[in-house]
Protein chains: 2
Amino acid sequence: MTRVYIVDDHAVVIEGIYSLLQKEKDIEMAGYATNAANCMQYFINHTTDVILMDISLPDMNGVDLCKIIKKNYPGIMVLALSTFNQGTYIRKMMESGASGYLLKNAGRQEIVEAIHLVMKGKTYFSFDAGQALKSTTDQQNAIPPLTKREKEVLVNIADGLTNIQIAEKLFISTDTVDSHRKNLHAKLNVKNTAMLIRFAVENNLL
Amino acid sequence: MTRVYIVDDHAVVIEGIYSLLQKEKDIEMAGYATNAANCMQYFINHTTDVILMDISLPDMNGVDLCKIIKKNYPGIMVLALSTFNQGTYIRKMMESGASGYLLKNAGRQEIVEAIHLVMKGKTYFSFDAGQALKSTTDQQNAIPPLTKREKEVLVNIADGLTNIQIAEKLFISTDTVDSHRKNLHAKLNVKNTAMLIRFAVENNLL
DNA sequence: GCCTTCATCCCGCAAAAGCGTGATTTTTTA
DNA sequence: TAAAAAATCACGCTTTTGCGGGATGAAGGC
């Protein structure tokens, strides 16, 4: 008998998963929470085998909640649950200790399969999620890693600061800011500020 | 007895709403579809009182599907269903003939209430959705309307083109492009390209 | 017919960004 | 500890933006 706990702020999702999993004789619902605080509260006195966790919660993001859960209760398997199909989210959840990534358009069959797999210590990815993960792993689509300083300069550019203002703020020379800017252009394959900021926002680098 | 039909590509959402509404004695489930094509197919030979419609579908966006439904079957009430809480989406759905906007974190009570209200010919907004709509209606938060030319110039800037290139593309002088640029800065209250593009992407003006 | 908005164009100057090329010093990592 | 990566600074030159003023014609509402 596998106990499943749900963390999701959408009542219909909780209700839907409950309804779908009630039909499974080897799965038992341990309970649910609609936010991270209630979830953490619950596990002080209880436990479960698997948590189905939405990555977007009202009081905390799923990535951080996952880290906390896995740190305090490593035996609990976390299955990320999301409508978003973006490689960055998926990767972050996996790095935080999740055992898999399930898209909300998954059917009963898929959810049950995923739960069984993670209970065996394996990982599960929805097909599309696997594709998304793969595509960001491929060299073509991968975003080259930016250094700390480059990110700092980038967010300041996005805030509308000029090189001079950024230089003053970071206590470096304008030439250095310019160098970081050049590197950003080269790494992200853009040729001016407009393309840089567009790329940054669309790939949420800010 | 009110018949309710669901269009949503998430199995758990359909299952959840079914489960929640089965407890209501004056509501009857008419059926469901996981995409726009199946939905339209269904209504050739059937009908319903209310459609709960997700705004993001795999084959079409909810706005267009809503338009089609209301054009062919004006008697069917459409209630938009979404996780997104953005004024622009809400407004577009309402303009397409929807009778309300329901967020997916709504509980049983709220969903039932919304269905009953729209059946009476009234409109329903989730609290947060109402707020979001209001905030974009307020003069402070409203995005000033951009002219056709301004939008054209904006997308070309976002594509990384310089004033010279845009001028050549649109067969106008660089001074004119510059004028449009000045107007964009004034209207959107930004002071350089970085802020302009950031604002444009974040408020999906592209 | 008048007024407003839109789109167009012009000029000039100052500020900022873009680009090449190079170098030094930390810091990190293998 | 040696090599690699990151952060720093420099200089000169070109291109592009940003900004302050204008001005004109065309379209549409009142």
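Every chain is numbered from 1, with letters handed out A, B, ... down the list of sequences.
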(request) Provide, to the nearest angstrom, the distance between the CD1 atom belonging to I157(B) and the P atom belonging to dA17(C). (result) 15 Å
(request) Shoot me the first and last contacting nucleotide of DNA chain D against chain A, ordered 5' to 3', at under 4.0 angstrom to non-hydrogen atoms. (result) dA6(D) to dC11(D)
(message) Can you confirm whether more than 12 heavy atoms, excluding those of K187(A), are under 6.0 Å from its NZ atom?
(response) yes
(request) Applying side-chain contact (heavy atoms from CB on, under 4.5 Å), run through T48(A) and F43(A) and close with a yes or a no. (result) CA-CA 8 Å; T48(A) 187; F43(A) 287 107; 3.4 Å; yes
(message) Please check if the number of heavy atoms outside K122(A) that lie under 6.0 Å from its NZ is greater than 12.
(response) no
(request) Looking at every strand, decide which applies to N163(A) at a 4.0 Å heavy-atom threshold: base, sugar-phosphate, or nothing. (result) sugar-phosphate
(message) Can you measure K148(A) atom NZ to dT27(C) atom P for me and round it to whole angstrom units?
(response) 12 Å
(request) Using atom CG of L146(B) as one end and atom P of dA7(C) as the other, report the distance to the nearest whole Å. (result) 10 Å
(request) Mind calculating the distance between CD (E150(B)) and P (dC6(C)) to the nearest angstrom? (result) 7 Å
(request) Measure across C66(A) and G97(A) and return the closest heavy-atom pair with its distance rounded to 0.1 Å. (result) SG-C, 4.1 Å
(message) Looking at K169(B) and D159(B), is there a salt bridge between them, counting it only when a charged N and a carboxylate O are closer than 4.0 Å?
(response) no
(message) Does dC9(C) have OP1 or OP2 under 4.0 Å away from a side-chain N or O of T176(B)?
(response) yes
(request) Locate the shortest heavy-atom distance separating L79(A) from Y101(A); write the atom from each residue and the value. (result) CD2-N, 3.9 Å
(message) Distance check needed: dC6(C) P versus E152(B) CD, whole Å only.
(response) 15 Å
(message) So M40(B) and M60(B), do their side chains get closer than 4.5 Å, heavy atoms only?
(response) yes
(message) Just the rounded figure in Å: distance from P of dA16(C) to CD1 of I164(A).
(response) 4 Å
(request) For DNA chain D, find the residues of residues 179-187 of chain B with a heavy-atom distance under 4.0 Å and give them by number; none if there aren't any. (result) R181(B), K182(B), H185(B)
(request) Nearest-nucleotide wise, let me know which of L161(A) and T147(B) is further upstream toward the 5' end of DNA chain C. (result) T147(B)
(message) With a sphere of 6.0 Å drawn around OH of Y32(B), does it hold more than 12 non-hydrogen atoms of other residues, nucleotides or ligands?
(response) no
(request) List in numerical order all residues of residues 192-199 of chain B for which some heavy atom is under 4.0 Å away from an atom belonging to DNA chain D. (result) N192(B), T193(B)
(request) Quickly, which of M1(A), E28(A), R3(A) forms a side-chain contact (heavy atoms from CB on, under 4.5 Å) with D49(A)? Name it, please. (result) R3(A)
(request) Specify the separation, in whole Å, of atom CZ of F171(B) and atom C1' of dA7(C). (result) 17 Å
(request) Give a yes or no on this: more than 12 heavy atoms of other residues, nucleotides or ligands lie within 6.0 Å of atom CG of D26(B). (result) yes
(request) Using a strict cut-off of less than 4.0 Å between a Lys/Arg side-chain nitrogen and an Asp/Glu carboxylate oxygen, indicate whether E95(B) and K92(B) qualify as a salt bridge. (result) no
